[in-house]
Amino acid sequence: MTPLTAVPAPSFDIERVLASIDTMAAQKPVAAQIVSVANADDTSSKKLAAILATDVALAGRVMKLANSAYFGMRGRVTSLQFAVTVVGFTTVRTMATVALTDLDDESRLPEDFWDLTTTIALSASTLAPRFGERPQDALCIGLLAQLGMALLAHNDPEGHAGLRADNPAFADLRAAEVQRYGISALRLTAVALEQWGFPREMVSVLNKVEEITAPEGSLLRAAFEVAGRLTLEDYEPIPISRLTCGVLGEEALPPVLERVWVEAEELRAAMIG
């Protein structure tokens, strides 16, 4: 790999990157329509399922997720409308966003992107009750958290690969991203989700992850820590109590690590087919 110092930083224009996603939306009208209507007050599971049915690949993923071990309904979800009810509108919207932004195309992403992403999402979901949060909401924010990283890697593949190789710790990588691009991947995710009208609470969490003393970011910081311990070689653990403002101790992690290790591959298969 070329030394990062020899790779000039790209001219990174957030507005241009976000505009490119709007272009993708024009190419995937069904996913774009789902992202747009999933949180509307007049949207029903019947209406959402009808739209979803016109995208066979995306509908299949929703069915697969609804029948996964995560939702405890294996083999019992036989209609798309019921699947939408089981996984929830926000999850359907999250899956449509994944499709809309090409996150389901592994050839365009860093090699370990989905291993890390599904582990973060399941970790957040599993730990959510300890933080007073809904597991399904935590699952969605975990699945979308790395959207910004995918955008940076797509815009600057060699440069961002160098940053990841030189900065295995998440906090160090975010600092390096700010230095190179003027914004971290997590903040870029927050900007994108805010632009698309995702709930304010989701955006707020993403904006607080980098403030280690902010309770709002504790759950996602813990999820990243679990994911790092499970998926990254030579990862140096950070005390979970420090990351969670004292909410969790190390004794809380073994069952979480075991469950996430067992179920992450099934979630990965449901999200990208």
Side-chain angles (χ1 to χ4, degrees), residues 1-32 34-35 55 57-58 61 93-121 140-168 170 172-196 198 202-203 206-207 209-210 220 224 227-228 231-232 267-268 271-273:
M1 178 181 297
T2 304
L4 185 57
T5 52
V7 182
S11 176
F12 191 76
D13 184 335
I14 293 177
E15 296 300 325
R16 180 174 60 78
V17 171
L18 295 177
S20 72
I21 298 176
D22 290 338
T23 301
M24 295 178 190
Q27 298 169 348
K28 298 184 178 182
V30 175
I34 292 171
V35 171
D55 185 325
L58 187 54
R61 290 172 192 167
R93 192 184 193 198
T94 296
M95 298 181 77
T97 303
V98 167
L100 185 66
T101 52
D102 277 344
L103 291 182
D104 54 350
D105 182 356
E106 289 186 281
S107 67
R108 297 166 59 90
L109 298 169
E111 184 178 355
D112 60 351
F113 181 87
W114 271 105
D115 287 340
L116 187 56
T117 293
T118 51
T119 307
I120 292 169
C140 291
I141 198 168
L143 287 170
L144 292 173
Q146 293 217 106
L147 169 62
M149 197 267 268
L151 294 173
L152 292 176
H154 180 66
N155 187 67
D156 179 28
E158 191 173 357
H160 199 271
L163 292 186
R164 297 195 303 276
D166 293 342
N167 301 277
F170 297 119
D172 293 344
L173 176 58
R174 291 166 195 148
E177 288 168 343
V178 172
Q179 185 174 13
R180 186 170 175 83
Y181 308 110
I183 189 170
S184 72
L186 278 175
R187 290 294 177 94
L188 182 55
T189 300
V191 171
L193 296 190
E194 185 172 28
Q195 176 167 307
W196 293 331
F198 272 79
M202 291 181 69
V203 175
L206 290 164
N207 281 325
V209 173
E210 293 165 40
L220 200 50
F224 269 96
T231 65
L232 301 180
L267 177 60
R268 178 180 177 280
M271 294 303 299
I272 62 176

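A quick note: this is a predicted structure, and the numbers were derived from the prediction, not measured.
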Side-chain heavy atoms of Arg61 within contact of Met271, under 4.5 Å:
no
pair Arg174-Arg187: side-chain heavy atoms closer than 4.5 Å:
no
So, taking the atom named [atom1] in [X] and the one named [atom2] in [Y], what distance separates them when rounded to the nearest 0.5 Å?
X      : Y      : atom1 : atom2 : answer
Thr94  : Met202 : OG1   : CE    : 5.0 Å
Leu186 : Met149 : CG    : CE    : 10.0 Å
Leu100 : Trp196 : CG    : CH2   : 6.0 Å
Leu144 : Met95  : CG    : CE    : 11.0 Å

Please indicate whether Glu210 has more than 12 foreign heavy atoms, meaning atoms of other residues, nucleotides or ligands, lying under 6.0 Å from its CD.
yes
On a heavy-atom basis, which atom in [X] and which in [Y] lie closest, and how many Å separate them?
X      : Y      : value
Ser184 : Val178 : N-CG2, 3.6 Å
Ile34  : Ala96  : CG2-CB, 3.6 Å
Leu267 : Ala121 : CD2-CB, 4.2 Å
Ala99  : Leu58  : CB-CD1, 4.4 Å
Leu116 : Ala227 : CD1-CB, 3.6 Å
Ala150 : Leu109 : CB-CD2, 3.6 Å

Check each of Asp104, Asp112, Asp115 against Arg268 using the salt bridge (Lys or Arg N to Asp or Glu O under 4.0 Å) test, and report the only one that passes.
Asp115
Before you tell me yes or no, could you show the steps for Arg180 and Leu152 under side chain to side chain contact (heavy atoms under 4.5 Å, CB included), namely the whole-Å CA-CA distance, both residues' side-chain angles and the distance that decides it to 0.1 Å?
CA-CA 10 Å; Arg180 186 170 175 83; Leu152 292 176; over 6 Å; no
Before you tell me yes or no, could you show the steps for Ile120 and Leu220 under side chain to side chain contact (heavy atoms under 4.5 Å, CB included), namely the whole-Å CA-CA distance, both residues' side-chain angles and the distance that decides it to 0.1 Å?
CA-CA 8 Å; Ile120 292 169; Leu220 200 50; 4.1 Å; yes
Say whether Tyr181 and Asn155, considering side chains only, have a donor N or O and an acceptor N or O under 3.5 Å apart.
no
Between Lys28 and Asp55 (salt bridge meaning N to carboxylate O under 4.0 Å), is one present in this structure?
no
Counterpart residues, side-chain contact (heavy atoms from CB on, under 4.5 Å), relative to Thr189 (two or more places apart):
Leu147, Leu193, Leu206
side-chain contact (heavy atoms from CB on, under 4.5 Å) with Gln195: which residues, sequence neighbours excluded?
Leu18, Asp22
Applying ring pair (Phe, Tyr, Trp, His ring centres under 6.0 Å), can you list everything that pairs with Phe224, at least two apart in sequence or on another chain?
Phe170
Derivation and outcome, side chain to side chain contact (heavy atoms under 4.5 Å, CB included), residues Phe113 and Leu103
CA-CA 9 Å; Phe113 181 87; Leu103 291 182; 4.0 Å; yes
